[in-house]
2 protein chains.
Amino acid sequence: MAGVSYATVSRALNGSDEVNEKTRKRVLEICDSVGYSPNALARGLVTNSSNAIGLIIPNITNPFYPEVALGVEGEARARGYNVFLCNSNFEPERMESYFRILIERRVEGLIVASVPDAARGLFDFYRKKMPVVYIGSRPADEECNCVATDSVKGGYLAAEYLIKLGHRRIVFIGGTRTSNSQIDKLRGFRLAMEEHGLQPEVRLNINYQFNKRESGYDMAKVLINEKNPPTAIMGSNDMVALGALEACEEYGLDVPGDMSIIGFDDIPYASLPKIQLTTIAQAKYDLGKIAVDMLFKLKESGLKNNCMKEVLQPELVIRSSCREL
Amino acid sequence: MAGVSYATVSRALNGSDEVNEKTRKRVLEICDSVGYSPNALARGLVTNSSNAIGLIIPNITNPFYPEVALGVEGEARARGYNVFLCNSNFEPERMESYFRILIERRVEGLIVASVPDAARGLFDFYRKKMPVVYIGSRPADEECNCVATDSVKGGYLAAEYLIKLGHRRIVFIGGTRTSNSQIDKLRGFRLAMEEHGLQPEVRLNINYQFNKRESGYDMAKVLINEKNPPTAIMGSNDMVALGALEACEEYGLDVPGDMSIIGFDDIPYASLPKIQLTTIAQAKYDLGKIAVDMLFKLKESGLKNNCMKEVLQPELVIRSSCREL
DNA sequence: ATAATTTCTGTAAACGTTTCCGAGAATAGA
DNA sequence: TCTATTCTCGGAAACGTTTACAGAAATTAT
């Protein structure tokens with residue numbers, strides 16, 4: 001329509017400098033007068049790039065993930081990338097299915113949060129072929145391409161705080177499904193307890209294997225009903241802690257009067273009036289943002305440096321669910 | 001490698017019935033022994049389909065949206081589609097930017113939640129060219145392709161409940177940014193009040209224009225400090241109500257003892273122990289799921305029937321943030 | 001046995017871009 | 001004026017699939 005070749009139109013649209021300003025103007029004008037929209041699929045095919053990344057999370061409904069997702073999407077957007085949202089629902093088969101699909105779509109990178117041990121091998125396999133970064137895994141020596149909170153420090157901080165308040169019987173509760181971050185929280189918890197000559201107690205819920213509200217509610221109920229209940233409960237995350245809170249409420253136990261409760265994550269719920277859960281804060285948005293940064297560094301390095309790590313520091317945020325004994 | 005043509009490989013991979021079972025087996029085996037992965041971009045180019053849809057929401061951090069997103073993603077997945085997650089942050093420019101990008105990507109449909117009046121024209125323009133369905137808009141006569149909760153009924157239900165509890169001075173609070181759903185909630189609220197010969201009072205927050213926690217907190221504070229405070233507050237959504245709850249807490253007002261508060265949405269926060277917010281529940285997951293269903297119906301009809309509506313019924317869920325006067 | 005089907009497979013065009021290469025036009029240098 | 005550069009632009013191949021069409025092989029019918 002403009003009397004020029006496809007090549008010239010392409011150059012005009014992509015801001016190439018080897019096209020005359022006048023013809024560019026003309027091309028651009030015609031383009032939006034006819035409502036032309038370039039086909040990203042065709043472009044991707046020839047440039048061998050999709051400008052897309054995949055985000056695999058267990059469940060966007062868990063309030064920890066939306067903030068991570070926001071960080072991922074925000075940073076991706078700033079770089080001209082879009083993100084495919086995938087809920088794995090903790091199921092390895094679903095993860096695998098999404099994995100295949102995303103690879104077919106030629107996403108240029110993959111961010112996966114909270115990968116369960118069961119799916120670990122799968123991801124490590126693909127990691128060699130494309131940039132994949134984990135969120136929330138432990139940055140241990142053998143662990144690569146992850147951005148995580150220092151969970152052992154987080155666990156330590158929580159336990160130490162309770163100990164300093166004078167608590168002696170503190171029990172850690174959560175689901176049985178292990179993840180690296182869970183293992184680390186436990187390690188920190190045990191470390192603090194043992195350093196102070198205390199006996200670390202851990203109760204993982206068999207009925208509710210994931211770290212969700214029900215796990216905490218259920219587990220706290222059995223603790224409360226024991227002959228000699230603990231004075232403090234540490235939840236593997238805030239949802240678990242909230243569940244414990246619920247159980248206390250149900251049994252008429254005042255928090256923190258009769259029971260101290262501490263969580264992990266600092267999800268928005270935690271700061272709600274009347275809840276005021278003391279917890280260990282993670283920089284959730286940053287986890288997402290940094291993961292994207294890492295993805296691109298990985299990509300630029302051509303997967304040469306395929307073992308990056310970034311550790312964020314947790315922070316104790318004191319509200320009012322714990323009291324001095 | 002299998003000694004067959006591209007065409008045959010394509011047929012083998014796509015489950016066509018015009019390929020010999022033996023050769024299909026052989027092709028499939030070779031494919032996964034060499035780790036072959038079909039290129040979705042190329043496929044999309046020739047089949048003129050992307051198998052993707054776009055989801056534009058204000059902010060995934062607002063707990064209402066993750067559940068909607070889950071419904072969208074779940075239903076899309078069931079149909080073999082993936083979803084691009086886009087946070088508009090309520091900014092029309094961002095929405096427009098995403099719109100262009102998604103169209104370039106040739107998404108086969110668009111779901112947009114809570115579109116502000118300012119961006120309405122933009123969307124209506126594109127609606128003629130591709131399936132777009134709104135979530136949360138008012139299914140009024142002039143409104144098309146939306147799945148929404150009957151907000152006027154919701155507003156009515158909330159007000160009616162408070163009135164029946166004996167409240168006379170009830171004020172509706174929220175942000176000033178109007179949306180169709182907000183308008184409808186107000187309409188229902190006014191209707192109920194007037195039917196009972198009561199004066200509807202509405203206070204929209206100029207400082208915090210969106211329906212978020214701060215809007216409610218801020219507005220409730222001024223109400224509390226008035227010479228003659230209301231006995232009940234109705235929040236435009238749960239976040240606003242929670243903000244009001246926070247303000248009451250700060251001023252030592254007991255809820256529901258000194259102040260009754262009702263919300264809208266029934267986000268997970270609302271059911272938390274100690275919060276127990278009475279509210280109007282929306283079927284959030286269904287909103288998302290049905291939106292996808294509608295998208296496909298629209299697509300199949302070739303945009304012939306371009307004015308579909310689906311109205312979901314709200315439900316009053318009584319917890320303990322309101323008391324009888 | 002031949003003819004008529006049916007089943008299977010290959011050829012080649014098409015999808016809508018980008019980009020290498022080369023060529024003509026305009027400009028600068030001599 | 002002529003040559004050497006610099007600007008612009010077009011031609012054509014390439015990206016990796018799908019699919020209409022046609023042809024070959026195998027099967028069935030006569």
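When each of A:Val133, A:Val147, A:Asp293, A:Leu287 is tested with A:Glu310 by the rule side-chain contact (heavy atoms from CB on, under 4.5 Å), just one qualifies, namely A:Val147. Residue B:Ser37 is tested with A:Arg100, A:Glu104, A:Arg106 for a side-chain hydrogen bond (donor to acceptor under 3.5 Å, both in side chains); the sole match is A:Arg106.
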Derivation and outcome, salt bridge (charged side-chain N to carboxylate O under 4.0 Å, His left out), residues A:Lys297 and A:Glu300: CA-CA 5 Å; A:Lys297 280 188 198 137; A:Glu300 282 154 18; over 6 Å; no

Might you list the N or O atoms of the protein lying below 3.5 Å from N or O atoms in nucleotides 19-24 of chain D, with each pair's distance?
none

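Summarising the geometry, the separation between CD on B:Glu104 and P on C:dG16 is reported as 15 Å, rounded to the nearest angstrom. Distance A:Leu41 CG to C:dT18 P: 13 Å, rounded to the nearest Å. For the pair A:Asn39 CG and D:dG16 P, the interatomic distance rounds to 16 Å; values are reported in whole Å. The CG atom of B:Asn48 sits 11 Å away from the P atom of C:dT17 (whole-angstrom rounding). A:Asp17 places its CG atom 12 Å from the P atom of D:dC9, with the value rounded to the nearest Å.
At a threshold of 4.0 angstrom between heavy atoms, the contacts of A:Val4 are confined to the sugar-phosphate backbone, with no base atom among them.
For B:Leu45, the side-chain atoms get nearest to C:dC15 when compared with the rest of D:dT18, C:dC15, D:dG10.
Annotation: A:Asn48, atom CG; neighbour count of heavy atoms from other residues, nucleotides and ligands within 6.0 Å does not exceed 12.
With hydrogens and angles ignored, the 3.5 Å screen pairs a side-chain donor or acceptor of B:Arg127 with a backbone N or O of B:Asn306.
Between the side chains of A:Ser151 and A:Thr149, no donor-acceptor pair is found at a separation under 3.5 Å. A donor-acceptor contact closer than 3.5 angstrom links the side chains of A:Ser114 and A:Tyr65.
B:Leu70 is listed as a side-chain neighbour of A:Asn87, based on a closest heavy-atom distance under 4.5 Å.
For the pair B:Arg79 and B:Phe296, the cation-pi test (distance below 6.0 Å, angle within 45°) is passed.
Within residues 20-37 of chain B, the residues approaching DNA chain D are B:Tyr36, B:Ser37, by heavy-atom distance under 4.0 Å.
Nearer to the 5' terminus of DNA chain C, by closest-nucleotide assignment, is the contact made by B:Val19 (compared with the other of B:Ala42 and B:Val19).
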